[in-house]
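Below: the structure, in C-alpha cells.
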2 protein chains.
Amino acid sequence: MSHMRYSCLMAVDPDHVLRTAAALLTRKATATMDEVAKAAGISRATLHRHFAGRDALVRALESLGIAECEAALDAARLDEGPARDAVHRLVREIESAAALLAFLYTENQLFEGEQQNAGWARIDERIAALFRRGQQSGEFRIDLSPVWLTEALYGLLASGAWAVSEGRVARNDFTYMIAELLLGGALRHPAQPREES
Amino acid sequence: MSHMRYSCLMAVDPDHVLRTAAALLTRKATATMDEVAKAAGISRATLHRHFAGRDALVRALESLGIAECEAALDAARLDEGPARDAVHRLVREIESAAALLAFLYTENQLFEGEQQNAGWARIDERIAALFRRGQQSGEFRIDLSPVWLTEALYGLLASGAWAVSEGRVARNDFTYMIAELLLGGALRHPAQPREES
DNA sequence: CCAGGGTGAGACAATCATGTCTCACATGCG
DNA sequence: CGCATGTGAGACATGATTGTCTCACCCTGG
C-alpha cells in the first residue's frame with residue numbers, strides 16, 4: 001500500500017484517502033487521524049489540509065457512503081421486475097459499499113441529537129418502498145413492516161461485512177448469504193424458494 | 001443533582017451501575033466515564049472505586065453480557081423440540097440482553113488483536129450447534145452455513161435493538177420480527193411457514 | 001534556470017479523558 | 001456520642017489526540 005505512483009502528481013487523491021480511511025475505520029472505529037493518514041500513505045498535515053478535522057473526515061465518509069448507496073440503488077433498478085429480484089440486485093450492487101456502511105451504521109449512533117443527514121432518509125425510503133412494493137404485489141409477507149425489513153437489511157449488511165473481514169465467511173458468499181437469508185430465511189421450504197418469479 | 005436518597009444504603013449497587021452503563025453506552029458508545037457515572041447517579045470517584053478504569057468497565061459489561069447470554073441459552077433449551085421453536089425461544093429469552101449485546105457486538109471490533117473472550121466462542125458454538133441441528137433434521141436449509149446464521153442473528157439483534165431504541169419499531173414486535181425474519185425471510189411462501197414441525 | 005504549488009516532518013499549544021489523590025460530609029454501628 | 005465506612009466534590013498531573021503553524025524539500029511548468 002501507499003506506494004502508488006504519485007511520481008508525476010503531487011496532488012493527493014481525496015477519493016483514495018477516503019476509501020483507505022473507510023477500510024481502516026471499518027476495522028478500527030477509533031483510529032487516530034495519524035493512523036488514517038499513515039494508512040493512506042500521506043502525512044497527518046496533508047490529511048488535515050484536505051479534511052479540516054475528524055468530524056469533516058467522517059462527514060466526507062458519510063457523503064461517500066450516501067453517494068455509493070444511491071448509485072447502488074440506481075443500478076439495482078428497484079422498481080423493475082419482481083421485488084425479490086430487485087432485492088438480489090440491490091445486495092449485489094451495494095456489496096462493495098457494505099464495509100463503509102457498516103462503519104457509518106454504528107457511527108450514526110453518535111449523531112444522536114443532531115439532524116440526520118437527509119440523504120439517509122431518502123435512501124431508507126427508497127429501500128422501504130421496494131419492500132412495500134413487494135408486499136403489495138403479494139411477493140412479500142405483510143406481517144413484517146417495510147421499515148423493519150430495511151433495518152434488517154442494514155444489520156445483515158453490517159454483520160456480513162464484519163464476518164467477511166474477520167474471515168468467518170467467504171467473501172464470495174456475501175451477496176448470496178444476505179439476499180437469501182433476507183428473502184427466504186433459514187427455514188427449508190417445501191416449495192423451492194428460487195423459482196416463483 | 002446528586003441529592004439522591006441513599007438514606008439507608010451507602011453502598012452502591014454495582015449491578016445497577018452496570019445496567020445503567022450498558023443502557024447509556026448502547027446509545028452513545030463513546031460516553032465518558034463521567035457521563036456513565038452521572039447516568040448511574042454516582043460520582044466519577046465512586047465509579048472509579050468499583051471499576052478500575054474504562055477497560056475494566058467494558059470487561060465487566062462483557063462478562064455481564066456473556067452471563068446473560070448463557071442464561072438465555074440455558075432458558076431456551078436449544079436442544080429440545082423442533083429447531084425453529086428453539087430459535088423462537090432463544091430470541092425471546094435473549095431480548096432483554098439485546099441492547100447490551102448490540103453494544104458489545106460493535107465494541108468487539110476494538111479488541112482486534114487481543115484474544116477473544118472464550119465465553120463468546122462458547123456462545124457462538126452453542127448457537128451454531130442449534131442451526132446445525134436444524135439443518136441435520138431437515139428443518140433448515142443447508143446452503144446457509146451455521147456460522148453465517150449465527151452472525152446474522154447477532155446482526156438482527158443489534159439492528160432490532162437500535163430500531164427499538166430509536167422508536168422506528170415497536171418494542172413489542174421485537175421477538176416476532178427477528179425470529180420470523182431469521183426463520184422465514186421476507187418472502188411470502190405458498191406453503192404456510194408455521195406448520196411443518 | 002527559476003518560481004510556485006503541494007507535500008512531509010516536526011514543533012507547539014490547547015483540549016479532553018483519564019487516573020489518583022485529598023478533604024468534607026453523611027450514615028450506620030457500637 | 002464517637003468512630004468507621006462509603007460517598008461526593010473537586011484539584012491535580014498525566015497521556016493522548018487534535019488543530020495549527022513553520023520550514024525544508026521536491027516536482028512541475030513556464
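It should be emphasised that the depicted structure is a prediction, and the values quoted were computed from it without experimental measurement. In what follows, every chain begins at residue 1, and chains take the letters A, B, ... in the order their sequences are listed.
- What separates CZ of A:F51 from P of C:dT7 is a distance of 12 Å, to the nearest Å.
- At a threshold of 4.5 Å between non-hydrogen side-chain atoms, the residues B:F140 and B:V87 count as touching.
- Nearer to the 5' terminus of DNA chain C, by closest-nucleotide assignment, is the contact made by B:D55 (compared with the other of B:D55 and B:R49).
- Following rounding to the nearest Å, B:H16 (NE2) and D:dT7 (P) show an atom-to-atom distance of 13 Å.
- Between B:T32 atom OG1 and B:R44 atom CZ the span is 9.5 Å, to the nearest 0.5 Å.
- Residues A:W120 and A:E62 meet the side-chain proximity criterion, which asks for heavy atoms closer than 4.5 Å.
- For the atom pair A:L57 CG and A:M33 CE, the distance stands at 5.5 Å (nearest 0.5 Å).
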Protein-nucleotides 12-16 of chain C N/O pairs under 3.5 Å:
none

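- One atom, CG of A:L47, and another, P of C:dG6, lie 17 Å apart when rounded to the nearest Å.
- For the contact set between residues 18-25 of chain B and DNA chain C, defined by any heavy atom under 4.0 Å, there are no members.
- Taking atom CD1 of residue B:I42 and atom P of nucleotide C:dC25, one finds them 22 Å apart after rounding to whole Å.
- The distance between atom CD of A:E35 and atom P of D:dA16, rounded to the nearest whole Å, is 12 Å.
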Tabulate below the donor-acceptor pairs under 3.5 Å that side-chain atoms of residues 64-74 of chain A make, not counting sequence neighbours, or state none.
| residue | atom | partner | partner atom | Å |
| --- | --- | --- | --- | --- |
| A:E68 | OE2 | A:R19 | NH1 | 2.6 |
| A:E68 | OE2 | A:R19 | NH2 | 2.7 |
| A:D74 | OD1 | A:R126 | NH1 | 3.3 |
| A:D74 | OD1 | A:R126 | NH2 | 2.7 |

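- For the pair A:T46 and C:dG8, the criterion of a side-chain N or O lying under 4.0 Å from OP1 or OP2 is met.
- As a whole-Å value, the separation of A:D34 CG from C:dA11 P is 14 Å.
- Taking the six-membered ring where the residue is Trp, A:W162 and B:Y105 present perpendicular rings, their angle passing 60° and hence far from 30°.
- Rounded to a whole Å, the NE2 atom of B:H48 is 16 Å from the C1' atom of C:dT22.
- At least one side-chain heavy atom of B:L182 sits less than 4.5 Å from a side-chain heavy atom of B:F131.
- Taking side-chain N and O atoms only, A:H50 has a distance below 4.0 Å to OP1 or OP2 of C:dT7.
- Atom CZ of B:R77 sits in a crowded spot, with more than 12 heavy atoms from other residues, nucleotides or ligands closer than 6.0 Å.
- As rounded to whole Å, 15 Å separates atom C1' of D:dT7 from atom NZ of B:K38.
- For D:dT18, one of the phosphate oxygens OP1 or OP2 lies less than 4.0 angstrom from a side-chain nitrogen or oxygen of A:R54.
- Nearest-nucleotide positions on DNA chain C place A:S43 closer to the 5' end than the other of B:A45 and A:S43.
- Put simply, the side chain of A:L153 reaches to within 4.5 Å of the side chain of A:L90, judged on heavy atoms.
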